[in-house]
Student: 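Here it is, the structure in full.
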Amino acid sequence: MNFSLTDEQKSVRKVVRAFVDREINPYIKEWDEKGHFEKNILKRLADLQLMGVCIPEEYGGVGMDYNTLAIVCEELERGDTAFRTAVSVHTGLNSMTLLQWGTEEQKQKYLVPQAKGEKVGAFGLTEPNAGSDVAAMETTAVKEGNYYILNGSKTWISLCDVADNFLIFAKTDTKAKHHGISCFIVERTLAGVSSKAIKGKLGIRAGNTGEVFLDHVRVPVENLLGYEGEGFKIAMSALDNGRFTVAAGAVGTIMASLEASVKYCAERKTFGKEIGKHQLVQQMIAKMSANLEISRLLVFKAGWLKNNGKRNTQETSLAKWISCDAALEAANDAVQIHGAYGFSNEFPVERYLRNAKAPVIYEGTREIHTIMQGEYALGYREDKPLRKMLPAWPFKEICIAEKH
Ligand SMILES: Cc1cc2nc3c(=O)[nH]c(=O)nc-3n(C[C@H](O)[C@H](O)[C@H](O)COP(=O)(O)OP(=O)(O)OC[C@H]3O[C@@H](n4cnc5c(N)ncnc54)[C@H](O)[C@@H]3O)c2cc1C
């Protein structure tokens with residue numbers, strides 16, 4: 001076991017941290033208040049080559065390992081959940097899914113520009129009547145010659161107004177439940193695609209989330225990802241990567257909550273001493289500090305499994321469940337430590353608390369992950385190899401091995 005970060009990973013952390021402190025933290029309060037999604041941040045992330053950090057160089061990425069993606073997510077969410085969510089969706093849910101399931105043509109056409117950050121990807125699974133219960137989806141895809149005709153709507157889609165390409169899940173067989181779902185690469189420019197942002201969100205107000213409408217959208221057959229009927233498996237494998245980034249981001253929220261709280265503990269005095277000297281305050285700090293370590297270890301273990309080309313649904317679900325709950329608790333305690341001041345946006349901790357709620361809901365609610373972990377422990381569920389696995393890291397060796 002090796003717990004140390006490589007020099008490259010340390011330098012990525014440094015770069016992202018400096019970027020967040022320079023280009024996000026000074027403006028985020030205003031963006032959050034105005035509900036403004038600063039699209040330029042995606043361009044800046046592309047300039048820093050962070051939109052495809054763990055995508056192989058041959059597909060336009062940087063070719064770093066999966067734990068480097070986790071580090072990027074930690075540091076981005078230390079700034080704000082909105083921009084980590086953007087990377088989760090673009091890289092974790094969309095690009096890594098293309099890497100895993102795409103044909104060579106699909107990778108060249110869609111993955112390469114996304115990994116370079118020239119195009120933005122999003123992920124459309126949830127519908128008004130289908131969240132946790134994915135198989136209840138109502139969007140349909142009917143084959144007509146060389147096209148599938150897509151009809152339906154998706155909701156709560158991150159980057160809905162910003163993305164160039166969506167992975168859209170739709171029923172090609174409405175009677176076959178999970179087995180009737182297929183996955184399509186849908187370009188925003190196709191006729192019949194439209195979107196609308198959701199207003200009035202509790203948190204991630206600096207993010208773009210909303211509905212995507214599909215009205216007789218003609219999608220070429222070559223944009224079917226995987227086989228017909230394989231969409232549910234593809235969606236679940238995409239979530240293995242999305243959840244990994246969400247869990248890593250939660251580590252960032254804990255970091256930010258701890259950082260703000262430690263600072264305030266030294267500034268605020270009650271009963272003649274710094275509040276950090278009160279044991280009940282120390283208890284909250286201790287919990288944050290312990291959960292930071294626990295959550296990060298769970299994330300890096302899931303990343304290690306990915307690097308080694310192993311299934312990791314169980315471990316990723318555990319990391320996502322534990323770290324998102326811990327982040328919500330850390331943000332809540334950070335507000336508590338700030339007393340009444342924590343209740344105002346004079347300090348960032350109220351935003352951390354509002355932001356920390358969504359990750360406990362999206363990419364599998366707390367309840368869904370609890371059930372999954374119970375089922376694994378009871379032997380009701382196990383992870384079997386998929387038809388197509390995410391490539392192990394280092395990528396080069398895999399490519400050479402594949403050629404022999
Ligand atoms: C900010 C934000 C961004 C999002 N981005 C995306 C995105 O980019 N793409 C996308 O496809 N989706 C996205 N989502 C949607 C998200 O994934 C869903 O909200 C989530 O899957 C839960 O579905 P639901 O909201 O329909 O809740 P429901 O499934 O209706 O659940 C409601 C409640 O019932 C509980 N529940 C449901 N089933 C069970 C059960 N079997 N046992 C016990 N309890 C249960 C749930 O845990 C929850 O508490 C986003 C959501 C948010 C808030």
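Everything numeric in this text was worked out from a predicted model, so none of it was measured. Read the numbers this way: they start at 1 and go in the same order the structure lists the ligands and their atoms.
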Student: Donor-acceptor pair, distance only, cut-off 3.5 Å: does the side chain of Asp65 make one with the backbone of Asn67?
Tutor: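 Present.
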Student: Record the part of Arg366 in heavy-atom contact with ligand 1 below 4.0 Å; permitted values are side chain, backbone, both and neither.
Tutor: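 No part of Arg366 is near ligand 1 at this cut-off.
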Student: Compute the shortest N/O to N/O distance between Asp133 and ligand 1 and return yes if it is under 3.5 Å, no if not.
Tutor: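 Looking only at distances, the answer is no, because the N/O contact criterion of under 3.5 Å is not met.
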Student: Any N or O of Tyr362 that comes nearer than 3.5 Å to an N or O of ligand 1?
Tutor: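 In this structure, Tyr362 places no N or O atom under 3.5 Å from an N or O of ligand 1.
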Student: Determine whether any protein heavy atom is located less than 4.0 Å from atom 25 (O) of ligand 1.
Tutor: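 For atom 25 (O) of ligand 1 the answer is no, since every protein heavy atom stays at 4.0 Å or beyond.
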Student: Under the salt bridge (Lys or Arg N to Asp or Glu O under 4.0 Å) criterion, do Lys109 and Glu222 qualify, and how do the steps go?
Tutor: CA-CA 11 Å; Lys109 186 168 177 190; Glu222 57 268 24; over 6 Å; no
Student: Under 4.0 Å between a Lys/Arg side-chain N and an Asp/Glu carboxylate O for Arg17 and Asp21?
Tutor: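 Looking at Asp21 together with Arg17, the answer is no, because their closest N to O distance does not fall below 4.0 Å.
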Student: Hey, is atom 16 (C) of ligand 1 touched by any protein heavy atom at less than 4.0 Å?
Tutor: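 Yes, there is one.
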Student: Judging by distance only, is a nitrogen or oxygen of Phe123 under 3.5 angstrom from one on ligand 1?
Tutor: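 Checking ligand 1 against Phe123, an N or O pair does fall under 3.5 Å apart.
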Student: Hey, what do you get for CD1 (Ile254) to CD (Glu293), rounding to the nearest 0.5 Å?
Tutor: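 So the CD1 of Ile254 and the CD of Glu293 are separated by 10.5 Å.
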Student: With Asn345 as reference, evaluate Glu33, Arg351, Arg354 under the side-chain contact (heavy atoms from CB on, under 4.5 Å) test and give the passing residue.
Tutor: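 Only one of Glu33, Arg351, Arg354 forms a side-chain contact (heavy atoms from CB on, under 4.5 Å) with Asn345, namely Glu33.
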Student: Backbone N or O of Cys160 within a donor-acceptor pair of the Ser195 side chain at under 3.5 Å?
Tutor: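 Confirmed, Ser195 side chain pairs with Cys160 backbone.
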Student: Ignoring hydrogens, what is the shortest heavy-atom contact between Tyr362 and Lys320? Give both atom names and the distance.
Tutor: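 In this case the closest contact between Tyr362 and Lys320 is O-NZ, 2.8 Å.
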Student: Please check atom 29 (O) of ligand 1 for a protein heavy-atom neighbour under 4.0 Å.
Tutor: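 Flag for atom 29 (O) of ligand 1 set to true, protein heavy atom closer than 4.0 Å.
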Student: Should the proximity of Thr85 to ligand 1, defined as any heavy atom under 4.0 Å, be assigned to the side chain, the backbone, both, or neither?
Tutor: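 The answer is neither.
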Student: In the complex you have, is atom 33 (C) of ligand 1 within reach of the protein, judged by whether a heavy-atom distance drops under 4.0 Å?
Tutor: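 No, there is none.
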Student: Hey, is atom 50 (C) of ligand 1 touched by any protein heavy atom at less than 4.0 Å?
Tutor: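 True for atom 50 (C) of ligand 1.
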Student: Classify the contact between Thr209 and ligand 1 as side chain, backbone, both or neither, using a heavy-atom distance cut-off of under 4.0 Å.
Tutor: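 Under 4.0 Å from ligand 1, Thr209 contributes side-chain atoms alone.
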Student: Does any N or O of ligand 1 fall below 3.5 Å from an N or O anywhere on Thr155, backbone included?
Tutor: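 For ligand 1, there is no N or O atom that lies under 3.5 Å from one belonging to Thr155.
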Student: Please confirm whether Leu125 comes within less than 3.5 Å of ligand 1 when only nitrogen or oxygen atoms on both sides are compared.
Tutor: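 Looking only at distances, the answer is yes, because the N/O contact criterion of under 3.5 Å is met.
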Student: Using a strict threshold of under 4.0 Å (side-chain N to carboxylate O), is an ion pair present between Asp32 and Lys29?
Tutor: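 Salt bridge: no.
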